[in-house]
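Everything on this sheet refers to the single structure shown next.
Model, not experiment: these values are computed from the prediction. As the structure lists them, so they are numbered: ligands from 1, and atoms in each ligand from 1. No hydrogens, no waters, no symmetry mates; every other heavy atom, side chains included, goes into these values.
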Amino acid sequence: HGDSLSALLRSADIAMYHAKHEGRGRAEMFTAELALEAADRAELERDLLLGLERDEFLLEFQPQIEMSHGGVAQAVTAEALVRWVHPERALIMPGAFVPVAEESGMIVALGDWVMSRVCETAARWARSGVHQRIAINISTRELAQADFFLRLRHAMATHQTPPPMLELEITESLAMDMDERVLGQLSALRQDGVRIAIDDFGTGYSNLARLRELPVDRVKIDRSLVRDIATSAEARTICSAVVGLIQGLGMEVVIEGVETQAQMDMLRVIGCTLFQGYHLARPMGEAQYLDRYATAPAVEPTERRSL
Ligand code: G
Ligand code: MN
């Protein structure tokens with residue numbers, strides 16, 4: 001059974017990477033369809049269940065770096081990203097299994113695992129003086145569970161996680177159609193110190209009047225808005241307008257998917273200070289993350305002379 005499953009997961013991974021720039025929702029649909037087509041879903045579900053029982057999942061962390069005017073670069077938040085260490089494959093990315101987990105309902109168990117692991121890690125970081133928030137990606141299905149917030153609060157209480165150590169990432173499309181109950185719960189968490197971020201901004205449709213009213217601290221600009229800014233004046237205009245709009249609403253802007261120095265230089269001119277992306281760092285294990293980012297702020301070498 002290993003071979004066909006491996007092939008399925010590999011093609012799902014590939015599809016995911018090609019579809020990703022069209023937005024998370026679409027990427028997930030595409031991947032789920034692929035899984036169905038291959039008629040190997042039952043197998044994947046069975047493996048997921050086994051994977052949960054056998055504790056085959058792990059978290060990687062990718063830093064969000066704040067660049068000050070003085071050229072000081074400091075990691076302020078770690079985005080937690082779940083990976084599956086499948087016994088017959090290397091690391092499997094979430095795009096290849098989260099959609100199936102969502103459709104089969106296993107997302108609840110998987111989400112609980114992520115939530116509890118993040119709460120435990122964040123509490124441990126706080127105790128050892130690492131005051132960087134950890135961000136969790138919340139999927140549509142999870143938020144639709146009536147007891148989602150209860151389970152999150154439970155995980156926080158169990159591990160005694162300081163609320164300011166946590167950040168929730170909610171996709172733009174999800175943020176745009178949250179009901180009153182969910183909004184109320186998010187506001188309450190935010191009042192307790194949890195940060196709320198909108199993820200993948202620019203991939204869906206936003207109602208700007210509604211955006212203004214959401215209980216949100218920061219907005220993560222999707223990489224599709226950033227990809228061409230070093231080479232296209234139009235791309236630059238759009239990106240700059242979106243950044244200005246969000247800052248004008250009093251929210252923080254985080255740029256994700258920064259892949260080149262040219263993009264970053266341009267973004268700093270536009271007025272951005274918070275960056276995440278392969279140009280700065282790829283997601284990595286906790287030990288390596290702490291090794292590299294739990295220390296005092298480092299001076300960015302290229303900036304020292306120019307500023
Ligand atoms: O949907 P969300 O923005 O949470 O997706 C995060 C995913 O994007 C992770 O799987 C992460 O590995 C990936 N990622 C992080 N930085 C970059 C980047 O600079 N470029 C690309 N293409 N992907 C990235
Ligand atoms: Mn995210």
Side-chain angles (χ1 to χ4, degrees), residues 9 12-31 57-65 75-85 90-99 101-102 107 110-111 114-115 118 133-143 166-175 194-204 216-230 239 252-267 272 274-286 288-289 293:
L9 289 171
D13 252 4
I14 292 164
M16 159 69 188
Y17 278 109
H18 287 300
K20 181 79 212 223
H21 71 276
E22 298 190 52
R24 182 191 275 160
R26 218 186 275 202
E28 288 180 356
M29 242 166 57
F30 192 21
T31 314
F57 294 87
L58 60 78
L59 293 182
E60 286 197 316
F61 299 88
Q62 188 181 29
Q64 288 173 17
I65 309 275
V76 288
T77 302
E79 177 172 3
L81 298 156
V82 65
R83 273 85 174 91
W84 183 8
V85 192
L91 236 45
I92 306 176
M93 299 298 140
F97 60 89
V98 166
E102 288 201 309
I107 192 68
L110 183 63
V114 171
M115 228 148 55
V118 165
R133 281 186 298 280
I134 303 184
I136 321 179
N137 290 286
I138 308 297
S139 86
T140 312
R141 272 307 155 88
E142 279 181 279
L143 212 52
L166 294 182
E167 184 164 315
L168 303 185
E169 293 193 8
I170 291 160
T171 58
E172 178 185 26
S173 37
L174 179 52
V194 174
R195 297 270 196 123
I196 313 292
I198 296 185
D199 202 3
D200 301 336
F201 189 85
T203 58
V216 162
D217 302 282
R218 37 172 43 187
V219 174
K220 298 182 75 179
I221 309 280
D222 190 74
R223 61 184 132 274
S224 57
L225 283 185
V226 170
R227 198 168 40 223
D228 301 325
I229 56 165
C239 184
E252 278 184 347
V253 169
V254 182
I255 305 287
E256 56 179 15
V258 179
E259 294 183 344
T260 67
Q261 182 67 39
Q263 287 173 338
M264 208 162 92
D265 291 343
M266 195 56 71
L267 288 159
C272 303
L274 288 161
F275 304 96
Q276 180 180 353
Y278 292 166
H279 177 61
L280 293 151
R282 299 212 164 225
M284 64 194 87
E286 185 191 351
Q288 194 185 354
Y289 185 95
Y293 298 105

Which of the numbered atoms in ligand 1 are below 4.0 angstrom from a heavy atom of [X]?
X: P283; answer: 12 (O)
X: E79; answer: 4 (O)
X: V258; answer: 19 (O)
X: E256; answer: 3 (O)
X: G277; answer: 16 (N), 19 (O)
X: Q62; answer: 15 (C), 16 (N)
X: G257; answer: 18 (C), 19 (O)
X: N137; answer: 4 (O)

Check your understanding: Roughly how far, to the nearest 0.5 Å, is CE of M266 from CD1 of I229?
Key ->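 One gets 6.5 Å once the value is rounded to the nearest 0.5 Å.
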
Practice item. State which residues pass salt bridge (Lys or Arg N to Asp or Glu O under 4.0 Å) with E142; sequence neighbours excluded, sorted by chain then number. Key: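 With sequence neighbours excluded, E142 shows a salt bridge (Lys or Arg N to Asp or Glu O under 4.0 Å) to no residue whatsoever.
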
Please work out, at 4.0 Å between heavy atoms, whether the side chain, the backbone, both, or neither of [X] comes within that distance of ligand 1.
X: D200; result: side chain
X: D199; result: side chain
X: Q276; result: neither
X: H279; result: neither
X: R227; result: neither

Locate the shortest heavy-atom distance separating [X] from [Y]; write the atom from each residue and the value.
X: Q263; Y: V226; result: NE2-O, 3.5 Å
X: Y278; Y: E259; result: CD1-OE2, 4.0 Å
X: D200; Y: T171; result: OD2-CG2, 3.9 Å
X: G285; Y: E60; result: N-OE2, 4.2 Å

Practice item. Identify the residue among R218, K220, R133 that makes a salt bridge (charged side-chain N to carboxylate O under 4.0 Å, His left out) with E169. Key: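 That would be K220; it is the only one of R218, K220, R133 passing the salt bridge (charged side-chain N to carboxylate O under 4.0 Å, His left out) with E169.
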
Review point. Can you tell me if E172 uses its side chain to pair, donor with acceptor, with the backbone of G202 under 3.5 Å?
Key: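 Flag set: sc E172 to bb G202 pair under 3.5 Å.
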
**Study point:** Geometry at the Mn ion (ligand 2) - D199 OD2 versus N137 OD1 angle, rounded to 10 degrees
**Key:**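 Taking the Mn ion (ligand 2) as the apex, I get 80° for this pair.
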
Point to revise | the Mn ion (ligand 2) - closest N/O/S atom in E79 | key: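 The Mn ion (ligand 2) is closest to the E79 atom OE2, counting only N, O or S.
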
Exercise for review: Return yes when M93 approaches ligand 1 closer than 4.0 angstrom through a heavy atom, no otherwise.
Suggested key: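 No heavy atom of M93 comes that close to ligand 1.
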
Check your understanding: Under 4.0 angstrom from ligand 1, any heavy atom of R282?
Key ->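 It does not, in that no heavy atom of R282 comes within the 4.0 Å cut-off of ligand 1.
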
Practice item. Give a yes or no on whether a salt bridge exists between E252 and R195, defined as a side-chain N under 4.0 angstrom from a carboxylate O. Key: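 Looking at R195 together with E252, the answer is yes, because their closest N to O distance falls below 4.0 Å.
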
Practice item. Would you please classify the geometry between the F57 ring and the W84 ring as parallel, tilted or perpendicular, with 30° and 60° separating the classes? Key: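 It falls in the parallel class, under 30°.
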
Practice item. Could you walk me through whether F61 and Q288 pass side chain to side chain contact (heavy atoms under 4.5 Å, CB included), step by step? Key: CA-CA 9 Å; F61 299 88; Q288 194 185 354; over 6 Å; no

Point to revise | Metal proximity, E169 vs the Mn ion (ligand 2), N/O/S cut-off 2.8 Å | key: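 Yes.
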
